[in-house]
Amino acid sequence: MQNSNNYCIIMAGGVGSRFWPLSRASQPKQFIDILGTGETLLQQTVRRLKKIFLERNIFIVTSEAYKDLTLTQIPEFKEWQVITEPARKNTAPCVLYASYKIHKLNPDANILVAPSDHIIMKEDVFVKVANLSLETAAKNDYLITIGITPHSPNTGYGYIQFEDTDETPEGVCKVKLFTEKPELEMAKQFLQSGDFLWNAGIFIWSSKSILAAFAQHLPEMDEIFNKGIPFYNTPNEKEFIADAYSLCRSISIDYGIMEKAQNAYVIPADLAWSDLGTWGALYDTRPKDENQNSIVGKNVMAYDTHGCLINMPKEKLTVVQGLEDCIIVEEQNILLICKRSEEQMLRQIVMDVTGAKGDKFI
């Protein structure tokens, strides 16, 4: 039976620029069926979390611009379950805003914060780990994150170093260190040490614990949002939040809270997880043919082509010959062809396109 004190915040406000041109400002990647499963990433996330939470206890935080799109894709949700931000200020303000709303609804709330665009193949394991996390957060003043058991020295993820201690419940470890995306040699050392996990950006805590953490580690931000207590869940909330977001700085929950907190804990788990942060991550996730090509599109013909990710409209006849390790994506009026190994250039490419052509291609 689902616990009525357990709540979920789904963060769905990103623009997904690293998945350009499939992900556009008008329809970012969380609103796209990027895996070809018949569900968008947001729809997959909501379906997965309904196994843990009462539907009415799930909230989606997104940009005002994506409110209608969110309600179209998740039609069973009420309008009040979609929390809109007036500006993108990274994840700390997003979490603080939603936490104050939930805490006002239920001061005994336990909260799981999850991105809207991650892949979790082992959903049964995730459900068990999430329930353990929520039970632990309800009984302890812990800020918990789920750490992914690494299977390769991936340089695209942040890492968490942990230590076992007899003072924590079974399955829960003390966080020793958060570290940024490492160089390859350092990532190899992390993997060999056995005490590092990938940082999945999934957090669990009680509303009391996270609000206390903001008051301690980001007091100037907490002061801004604390003044909204009379307005949360009322018609005056939107006006207050517009002012609050104009005053608060942009900072992530990782930098602002987790890396400073002495009560940070991690639960290691093998979830068959990917954050789908890049085309390369999608290539790793998708099935491949005998030439290690990952192809979406019913009319793609590949000759002497190896290690490519090809994503084409189903009606488009596409013939590819003699390419290796490339990303080939067409979406509407844009065709992208680039090396998989150099996809980090996409951010610069999007900036250059915006500068040269304006917003119509973004």
Side-chain angles (χ1 to χ4, degrees), residues 10-25 27-49 60-63 66 69-70 73-74 88 90-91 113-123 125-126 145-159 181 187 197-203 252 254 269-288 292-297 307-312 325-329 331 336 338 340-347 349-350:
I10 300 174
M11 299 183 292
V15 295
S17 61
R18 288 181 293 177
F19 267 97
W20 184 84
L22 195 61
S23 178
R24 309 281 277 272
Q27 191 161 353
K29 69 170 180 171
Q30 62 268 30
F31 300 107
I32 299 172
D33 178 11
I34 208 162
L35 294 174
T37 63
E39 287 183 308
T40 67
L41 295 176
L42 175 61
Q43 288 169 332
Q44 283 190 23
T45 300
V46 170
R47 174 182 52 76
R48 181 165 60 242
L49 291 166
I60 299 172
V61 185
T62 190
S63 165
Y66 304 138
L69 185 55
T70 300
Q73 293 203 355
I74 316 294
R88 281 192 294 272
N90 214 314
T91 53
V113 181
S116 61
D117 53 2
H118 290 188
I119 295 298
I120 294 176
M121 303 302 291
K122 296 182 180 180
E123 292 193 352
V125 178
F126 173 71
T145 186
I146 296 177
I148 306 301
T149 307
H151 55 74
S152 67
N154 196 303
T155 59
Y157 300 143
Y159 284 73
K181 300 172 184 177
L197 304 163
W198 288 338
N199 187 350
I202 303 171
F203 306 102
S252 73
D254 299 81
D270 179 7
L271 304 179
W273 166 91
S274 171
D275 75 344
L276 285 190
T278 63
W279 283 112
L282 181 60
Y283 173 82
D284 292 339
T285 302
R286 280 181 175 168
K288 321 286 193 305
Q292 293 302 299
N293 296 312
S294 174
I295 298 175
V296 172
C308 290
L309 186 150
I310 304 173
N311 195 308
M312 303 299 292
D325 301 324
C326 287
I327 297 167
I328 306 164
V329 182
E331 176 65 16
L336 169 72
C338 70
R340 279 203 296 121
S341 60
E342 297 179 20
E343 68 169 334
Q344 69 275 8
M345 287 186 61
L346 267 181
R347 285 188 184 275
I349 290 169
V350 170

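Along the sequence shown, residues carry numbers from 1.
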For this session: Can you sort out the partners of Q292 under side chain to side chain contact (heavy atoms under 4.5 Å, CB included), two or more places apart, ordered by chain and number?
Result: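 Partners of Q292 under the side chain to side chain contact (heavy atoms under 4.5 Å, CB included) test: Y283, K288.
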Problem set entry | side chain to side chain contact (heavy atoms under 4.5 Å, CB included) assessment of K122 paired with D270 | CA-CA 8 Å; K122 296 182 180 180; D270 179 7; 3.0 Å; yes
Starting at [atom1] of [X], measure out to [atom2] of [Y] and round the result to the nearest 0.5 Å.
X    : Y    : atom1 : atom2 : result
I120 : R48  : CD1   : CZ    : 4.0 Å
I295 : N311 : CD1   : CG    : 10.5 Å
R286 : S274 : CZ    : OG    : 11.5 Å
T278 : L346 : OG1   : CG    : 9.0 Å

Is there side-chain contact between [X] and [Y], with at least one heavy-atom pair below 4.5 Å?
X    : Y    : value
Q73  : F31  : yes
I310 : V296 : no
L282 : L35  : yes
E343 : I327 : yes
H118 : T45  : no
I119 : L41  : yes
L22  : Q27  : no
N199 : Y157 : no

Exercise. Quick one: do the T40 and Q30 side chains pair a donor with an acceptor below 3.5 Å?
Worked result: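 Q30 and T40 do not have a side-chain donor-acceptor pair below 3.5 Å.
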Which pair of non-hydrogen atoms, one from [X] and one from [Y], has the smallest distance, and what is that distance?
X    : Y    : result
I10  : S116 : CG2-CB, 3.6 Å
C308 : N293 : N-OD1, 2.9 Å
P115 : G201 : CD-O, 3.5 Å
G14  : P28  : O-CB, 3.3 Å

For this session: Determine, step by step, whether I34 and D117 satisfy the side chain to side chain contact (heavy atoms under 4.5 Å, CB included) criterion, reporting the C-alpha distance in whole Å, the side-chain angles of both residues, the deciding distance to 0.1 Å, and the verdict.
Result: CA-CA 10 Å; I34 208 162; D117 53 2; over 6 Å; no
Exercise. Once the angle between the rings of W273 and W198 is folded into 0 to 90°, is it parallel (under 30°), tilted (30 to 60°) or perpendicular (over 60°)?
Worked result: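 Taking W198 first and then W273, their aromatic rings sit tilted (interplane angle of 30° to 60°).
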What donor-acceptor contacts under 3.5 angstrom involve side-chain atoms of residues 145-154, with partners at least two apart or in another chain?
{"from": "T145", "atom 1": "OG1", "to": "I202", "atom 2": "O", "distance (Å)": "2.9"}
{"from": "T149", "atom 1": "OG1", "to": "A269", "atom 2": "O", "distance (Å)": "3.3"}
{"from": "N154", "atom 1": "OD1", "to": "G156", "atom 2": "N", "distance (Å)": "2.6"}

Does [X] use its side chain to pair, donor to acceptor, with the backbone of [Y] at less than 3.5 Å?
X    : Y    : value
S63  : G13  : no
D325 : R340 : no
T62  : A12  : yes
S23  : K29  : yes
T285 : A281 : yes

Exercise. Taking it one step at a time, do W279 and W20 satisfy side chain to side chain contact (heavy atoms under 4.5 Å, CB included)?
Worked result: CA-CA 9 Å; W279 283 112; W20 184 84; 6.0 Å; no
Problem set entry | Salt bridge present between R47 and E39 (N-O < 4.0 angstrom) |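 Yes.
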For this session: With side chain to side chain contact (heavy atoms under 4.5 Å, CB included) as the test, would you mind laying out the steps for L42 and Y66 before giving the verdict?
Result: CA-CA 12 Å; L42 175 61; Y66 304 138; over 6 Å; no
Exercise. Excluding sequence neighbours, so at least two apart, what forms salt bridge (Lys or Arg N to Asp or Glu O under 4.0 Å) with D284?
Worked result: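 Counting only residues at least two positions away or on another chain, D284 forms no salt bridge (Lys or Arg N to Asp or Glu O under 4.0 Å).
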